[in-house]
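Read through the structure below, which is laid out as C-alpha cells, and then see the notes.
In this text the structure is predicted, and so the values were computed from the model without any measurement. Side chains included, hydrogens not; waters and symmetry mates left out as well; all remaining heavy atoms used.
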Amino acid sequence: PFADVDKHKYAWFILGGYLVPAQVGPGKLFPVIRFHQAKLNLVDGTELRLDAQMGYIVKGHDVKFYLGYQMVDLNKQKGNQIFLGAQLKR
C-alpha cells in the first residue's frame with residue numbers, strides 16, 4: 001500500500017462481451033457488460049459498479065464507437081452516468 005493513495009483493500013471485476021457476427025451497415029455491434037466490486041481501505045464500506053455498453057466496430061481497433069451506462073454505489077452514495085466514446089486511428 002502507498003499511504004492514503006491505495007483506497008481499496010481488494011477489488012475484482014467480471015467482464016463479458018460478444019461481437020455479433022452479422023453486419024449492421026459498415027460495422028458490427030459489440031455489447032459489453034462489467035460488474036466491479038471493491039472493499040474500501042479508508043472507510044468501512046464497498047464500491048459497486050455496473051457498466052453496460054454497446055459498441056459499434058467499423059474497422060477493428062482503428063474505428064469504433066461506444067454508448068454506455070454506468071451505475072455506481074460508493075458506500076451507499078449512488079450515481080449514474082451515460083457516456084459516449086470514439087476511437088479513430090489513421
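Across all their heavy atoms, Phe65 and Val58 have their closest contact at CE1-CG2, 4.2 Å. Contact record, Gln37 with Leu48: CG-CD2, 3.5 Å, taken as the closest heavy-atom pair. Contact between Asn75 and Gly45 at its shortest, heavy atoms only, is OD1-CA, 3.1 Å. The heavy-atom pair separating Lys28 from Pro21 by the smallest distance is CE-O, 3.4 Å.
To the nearest 0.5 Å, atoms CZ (Arg49) and CG (Asp73) are separated by 10.5 Å. Taken from CZ in Phe13 to CG in Leu50, the straight-line distance is 14.0 Å, to the nearest 0.5 Å.
Other residues, nucleotides and ligands contribute more than 12 heavy atoms inside 6.0 Å of the NZ atom of Lys39. Within 6.0 Å of atom CD in Gln77, 12 or fewer heavy atoms from other residues, nucleotides or ligands are found, so the atom counts as exposed in its surroundings. Taking a 6.0 Å sphere around CZ of Phe35, one finds it holds more than 12 heavy atoms contributed by other residues, nucleotides or ligands.
Side-chain contact between Tyr56 and Leu67 is absent, with no heavy-atom pair separated by less than 4.5 Å. Using a 4.5 Å heavy-atom cutoff, the side chains of His36 and Glu47 are in contact. Using a 4.5 Å heavy-atom cutoff, the side chains of Ile14 and Ile33 are not in contact. For the pair Asp51 and Val32, the minimum side-chain heavy-atom distance is 4.5 Å or more. No side-chain heavy atom of Lys64 sits less than 4.5 Å from a side-chain heavy atom of Lys89.
The backbone N or O of Gln53 lies less than 3.5 Å from no partner atom in the side chain of Tyr66, so there is not a single donor-acceptor pair. For the pair Gln87 (side chain) and His61 (backbone), a donor-acceptor distance under 3.5 Å is present.
Note: the hydrophobic cluster containing Trp12 also contains Met71 (ILVMFWY, side chain heavy atoms under 4.5 Å, direct or indirect links). With hydrophobic clusters built from ILVMFWY side chains whose heavy atoms lie under 4.5 angstrom apart, Val63 shares a cluster with Met54. Put simply, Ile57 and Tyr18 are part of two different groups of oily side chains (I, L, V, M, F, W, Y) that touch within less than 4.5 Å, one to the next.
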